[in-house]
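What follows is a set of notes on a single structure, which appears directly below.
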Amino acid sequence: MNSPAPHVRVIASPQSWVEGEAIRQLEAASRLPGMRSAVGLPDLHPGKGAPVGAAFASEGLFYPFLVGNDIGCGMGLWRLDLPARKVKPERWAARLDLEGPWAGDTDAMLAGLGVKPSGFEAALGTVGGGNHFAEVQRVDAVHDAKTFTSLELGTDGLLLLVHSGSRGFGEAILRAHVDRHRTGGLAEDTDEARRYLTRHDHAVAWARANRATIAGRMMQGIGAAGRRVLDVCHNSVTPKDLHGHTCWLHRKGAAPSDQGPVVIPGSRGSLSYLVLPTGDGADHAHSLAHGAGRKWTRSSARERMRERFTPDALTRTSFKSHVICEDRDLLFEEAPPAYKVIDRVVRDLVDAGLVRVVATLAPVLTYKTRARRD
């Protein structure tokens with residue numbers, strides 16, 4: 001008896017541009033053995049062998065390569081005890097430095113969060129490269145006052161958004177799998193599957209601890225204290241019931257829609273959106289866009305941006321916010337024009353009935369890196 005054809009869906013309006021290679025990767029993944037569903041979100045773009053901004057559901061086996069190397073990567077949001085009127089971005093930028101090992105007690109930090117050491121504690125509390133960041137934000141506008149108030153947020157307070165993951169830990173886990181299986185899957189209820197899932201869950205917990213440590217370093221640097229509002233992971237594989245079947249839900253750059261409010265950030269020169277998921281979630285694999293999604297490759301962004309901007313110009317944004325990024329290549333790669341328009345991405349989610357906008361958040365100070373990365 002033949003298996004039913006997988007459900008393939010791309011959630012994007014005609015006004016949203018999605019690269020053809022991303023669609024090809026999504027469709028290729030949908031043809032993997034055991035695959036039941038492949039969903040592309042509005043931020044869908046090509047990745048290394050599999051698309052980013054996508055969720056996949058399979059039965060009987062799962063595919064670590066679809067999760068990728070940054071297992072547990074996600075977004076954490078903290079409410080700070082500083083009012084917006086006390087913004088001092090230039091002073092904060094002069095003294096913030098999150099490079100190098102955290103000077104605190106890593107074992108105690110992890111133990112307090114119930115997380116075992118990974119062997120990668122030298123990277124605990126570091127942001128990493130690529131599109132990762134730590135950003136002080138202010139409230140731009142509130143669209144759902146009831147939900148906003150229920151999160152104990154105020155319009156005059158500052159927030160801190162941290163985007164980072166498991167650093168080298170997740171890479172080591174994926175490498176061990178790929179060296180043995182390449183892009184092959186693991187059958188559930190096998191010793192190899194259980195070993196991978198144990199390490200995967202460890203990396204997810206470690207990544208959450210990493211975001212908390214980054215937040216602590218940022219708060220110390222700007223002289224603030226804070227309370228975590230939310231923390232969600234967008235790179236993972238977990239068991240999930242979908243349409244009456246127990247499946248393995250892979251998220252690769254896909255925020256969960258079944259864990260409460262989510263922040264969907266734009267580029268570092270645009271608004272971020274605090275949203276509340278709506279609907280039952282089954283037809284979109286209980287997943288949402290995790291950001292704006294890249295429009296240009298990194299090499300293309302470097303070439304284009306060098307022709308249009310000086311590095312100094314990219315350290316200030318249209319919101320008059322500051323960007324700390326002393327890696328010139330990364331500064332060009334992460335320039336706002338290299339990303340899709342976040343307003344369009346979120347509008348597609350709203351129009352599809354997936355979210356309701358709670359508030360928009362504007363950047364004040366974005367931390368990327370102090371030192372050029374080798």
Side-chain angles (χ1 to χ4, degrees), residues 67 69-82 92 95-129 132-137 150-154 157-173 194-238 251 255-256 258-263 265 274 290 365 367 369-370:
V67 177
N69 64 344
D70 199 3
I71 302 166
C73 187
M75 303 280 178
L77 181 71
W78 280 259
R79 174 188 174 180
L80 303 181
D81 64 354
L82 290 176
W92 295 342
R95 65 185 187 223
L96 272 173
D97 189 344
L98 275 61
E99 306 308 313
W102 177 49
D105 187 336
T106 57
D107 288 345
M109 175 68 173
L110 293 172
L113 297 171
V115 181
K116 295 179 181 179
S118 67
F120 290 85
E121 276 63 51
L124 187 72
T126 60
V127 173
H132 293 168
F133 63 85
E135 183 171 276
V136 178
Q137 302 178 325
S150 73
L151 294 172
E152 299 180 7
L153 299 176
L158 293 175
L159 298 166
L160 173 64
L161 182 64
V162 177
H163 176 204
S164 191
S166 54
R167 307 294 279 110
F169 187 22
E171 169 69 31
I173 295 170
R194 282 187 283 271
R195 280 194 294 270
Y196 173 84
L197 291 172
T198 296
R199 298 194 76 196
H200 164 282
D201 293 350
H202 187 186
V204 169
W206 195 95
R208 186 172 292 112
N210 184 43
R211 288 189 287 276
T213 310
I214 292 168
R217 295 181 80 175
M218 284 287 291
M219 289 181 218
Q220 183 178 26
I222 67 174
R227 173 187 62 82
R228 188 170 66 188
V229 178
L230 61 87
D231 188 288
V232 296
C233 165
H234 53 235
N235 286 354
S236 66
V237 58
T238 53
R251 291 185 174 111
D258 53 0
Q259 297 175 28
V262 170
V263 176
L274 176 62
H290 81 307
L365 175 66
Y367 187 98
T369 185
R370 273 293 180 198

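Looking at heavy atoms from C-beta onward, E135 lies out of side-chain contact with M218 at the 4.5 angstrom threshold. With a 4.5 Å cut-off on side-chain heavy atoms, Y367 and I214 do not count as touching. Looking at heavy atoms from C-beta onward, I71 lies in side-chain contact with I173 at the 4.5 angstrom threshold. The shortest distance between side-chain heavy atoms of V136 and I222 falls below 4.5 Å. Looking only at side-chain heavy atoms (C-beta outward), L96 and L365 come within less than 4.5 Å of each other. Proximity of L274 to P261: side-chain heavy atoms (C-beta onward) are separated by under 4.5 Å at one or more points. A 4.5 Å side-chain heavy-atom check between Q137 and L77 finds at least one atom pair inside the cut-off. Counting heavy atoms from C-beta outward, L160 and V162 have side chains that approach closer than 4.5 Å.
For the residue pair A209 and V115, the shortest heavy atom distance occurs at CB-CG2, 4.5 Å. For the pair F133 and P265, the tightest heavy-atom approach, listed with the atom from each and the gap, is CZ-CB, 4.0 Å. Residues A172 and F120 come closest through the heavy atom pair CB-CZ, 3.8 Å. Contact record, R167 with D70: N-OD1, 3.7 Å, taken as the closest heavy-atom pair. When all heavy atoms of G223 and L82 are compared, the pair lying nearest together is O-CD2, 4.2 Å.
A distance-only check finds no donor-acceptor pair linking the side chain of S166 to the backbone of G72 [under 3.5 Å]. Looking at H132, its side chain does come within 3.5 Å of a backbone N or O of V127 through a donor-acceptor pair. A distance-only check finds a donor-acceptor pair linking the side chain of R95 to the backbone of G221 [under 3.5 Å]. Looking only at distances, a side-chain donor or acceptor of D105 sits under 3.5 Å from a matching main-chain atom of A108. Put simply, the side chain of R217 gets close to the backbone of L98: a donor and an acceptor are under 3.5 Å apart. Side-chain N or O atoms of D81 include one that pairs as donor or acceptor with a backbone N or O of A225 at under 3.5 Å.
Within 6.0 Å of CD in Q259 there are more than 12 heavy atoms belonging to other residues, nucleotides or ligands.
We find the CG-CZ distance between L80 and R227 to be 10.5 Å, quoted to the nearest 0.5 Å.
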Got a list of side-chain donor-acceptor pairs under 3.5 Å for residues 196-204, not counting sequence neighbours?
from: T198; atom 1: OG1; to: R194; atom 2: O; distance (Å): 2.9
from: H200; atom 1: NE2; to: V237; atom 2: N; distance (Å): 3.0
from: H202; atom 1: NE2; to: K116; atom 2: O; distance (Å): 2.7

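Counting only residues at least two apart or in different chains, side chain to side chain donor-acceptor pair (under 3.5 Å) contacts with residues 203-215 comprise S118-W206, E121-W206, S164-N210, R208-D231, R211-D231.
Tested against R251 for a side chain to side chain contact (heavy atoms under 4.5 Å, CB included), the candidates P256, C233, C73 yield a single pass: P256.
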